[in-house]
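Below, chain A is the first sequence line, B the second, and so on; all start at residue 1. As the structure is a prediction and not an experimental result, all values here were calculated from the model.
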2 protein chains.
Amino acid sequence: MNDLARTPRQIGTIIQRARKKRGWTQTQLAERAGLRQATISLIESGEKPAKLDSILAVLAALDLEFRVGERSKGAGRHIEELF
Amino acid sequence: MNDLARTPRQIGTIIQRARKKRGWTQTQLAERAGLRQATISLIESGEKPAKLDSILAVLAALDLEFRVGERSKGAGRHIEELF
DNA sequence: ACAAATTATGCGCCAAAGCGTATATTGGCC
DNA sequence: GGCCAATATACGCTTTGGCGCATAATTTGT
């Protein structure tokens with residue numbers, strides 16, 4: 001994978017795609033991440049900035065993780081390019 | 001680069017390394033990220049969970065970015081895996 | 001089209017991140 | 001040791017993310 005995640009919205013989109021890929025509902029993901037369905041909804045929309053802990057919990061529940069790399073070194077894809 | 005970042009502490013360590021690599025003080029980084037020196041100190045220690053926005057601002061100031069990838073898989077990725 | 005499931009919002013509340021300011025504490029360097 | 005830059009803490013205050021609970025709004029399946 002290695003999707004670029006520079007903004008809360010990009011992160012939300014990535015999370016949503018990963019969740020649907022697993023066939024999970026927001027409620028199911030919320031349970032696994034120890035959050036509420038409403039919180040998942042907000043995170044996926046990216047409109048309200050979340051806490052780092054919440055994002056990390058969601059990523060872990062999806063078996064995903066952050067990696068930190070230098071910008072503009074083309075090691076990832078922009079999520080917008082997907083459709 | 002592409003450093004693993006699963007916990008706030010790991011993220012803080014990465015940020016600190018990148019900052020020192022650039023020869024910046026916490027105060028300088030704070031100015032560029034629109035935060036306080038004290039906040040940078042807390043983020044680098046990773047002891048107090050920060051807000052996602054703060055982390056993203058710091059990464060951007062350091063010309064870094066998050067990438068999201070599957071756990072337990074190497075950094076250099078096969079694009080074919082995605083579909 | 002209808003019912004069921006899923007997702008998006010609303011409201012009051014609490015905990016805490018970040019702020020401003022200021023002060024310890026540490027670390028280099030001469 | 002002594003001095004100054006750099007970093008870690010402190011306190012009161014404001015803002016807000018996430019909660020519980022609930023309900024709209026939307027999507028999906030038959």
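- For the atom pair A:R36 CZ and A:T27 OG1, the distance stands at 11.0 Å (nearest 0.5 Å).
- Rounded to an integer number of Å, the gap from CG of B:D53 to C1' of C:dA17 is 12 Å.
- The nucleotide whose nearest atom lies closest to any side-chain atom of B:P49 is, among C:dC19, D:dC19, C:dA17, C:dA17.
- Toward the 5' end of DNA chain D, the nearer of the two residues B:K20 and B:K51, judged by each one's closest nucleotide, is B:K20.
- The CD-P distance, from B:E47 to D:dA8, rounds to 9 Å in whole Å.
- With rounding to whole Å, B:R22 atom CZ is found 19 Å from D:dA6 atom C1'.
- The A:T39 side chain lies nearest to D:dC19 when the options are D:dC19, C:dT21, C:dT9.
- If you check distances only, the side chain of B:Q26 never reaches the base of D:dA8 with a donor-acceptor pair under 3.5 Å.
- Within 4.0 Å of A:I40, counting heavy atoms only, lies no atom of the nucleic acid at all.
- Among the nucleotides D:dC21, C:dT7, D:dA8, the one closest to any side-chain atom of A:T25 is C:dT7.
- The distance between atom CD1 of B:I55 and atom P of D:dG17, rounded to the nearest whole Å, is 15 Å.
- As rounded to whole Å, 14 Å separates atom P of C:dA17 from atom CD1 of B:I11.
- Between C:dT21, C:dG18, D:dC21, one nucleotide has an atom nearer to the side chain of B:R36 than all others, and that is C:dT21.
- Looking at heavy atoms from C-beta onward, A:D3 lies out of side-chain contact with B:R67 at the 4.5 angstrom threshold.
- A chain of hydrophobic side-chain contacts below 4.5 Å, direct or via other Ile, Leu, Val, Met, Phe, Trp or Tyr residues, connects A:W24 to A:I11.
- The only option from A:V68, A:I55, A:T7 that meets the side-chain contact (heavy atoms from CB on, under 4.5 Å) definition with B:F66 turns out to be A:V68.
- Mapping A:G34 and B:Q37 onto DNA chain D by nearest heavy atom places B:Q37 closer to the 5' end of the strand.
- Between the two ends of the helix from C:dA1-D:dT30 to C:dC30-D:dG1, each summarised by a five-pair axis, the helix axis turns through 70° (rounded to 10 degrees).
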Take A:D63 and B:E70 through the side chain to side chain contact (heavy atoms under 4.5 Å, CB included) test and state the conclusion after the steps.
-> CA-CA 6 Å; A:D63 205 47; B:E70 297 180 17; 5.5 Å; no
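- The salt bridge (charged side-chain N to carboxylate O under 4.0 Å, His left out) analysis of residues 40-58 of chain A, with sequence neighbours excluded, yields the pairs A:R19-A:E44.
- Taking atom CG of A:L35 as the reference point, atom C1' of C:dA15 lies 15 Å away to the nearest angstrom.
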May I have the step-by-step check of side chain to side chain contact (heavy atoms under 4.5 Å, CB included) for A:L59 and A:E65, ending in yes or no?
-> CA-CA 6 Å; A:L59 290 182; A:E65 68 192 356; 5.9 Å; no
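- Under 4.0 angstrom from either OP1 or OP2 of C:dT7 there lies at least one side-chain N or O belonging to A:R19.
- Across all strands shown, B:S54 has heavy atoms under 4.0 Å from sugar-phosphate atoms exclusively, and none from any base.
- Distance, A:K48 NZ to C:dA8 C1': 12 Å, rounded to whole Å.
- Residues A:I40 and A:L42 do not share a hydrophobic cluster, clusters being chains of Ile/Leu/Val/Met/Phe/Trp/Tyr side chains in contact below 4.5 Å.
- Comparing A:T27 and B:L42 against DNA chain C, the residue whose closest nucleotide sits nearer the 5' end is A:T27.
- In this entry the distance linking CD1 of B:I43 with C1' of C:dG18 reads 9 Å, nearest Å.
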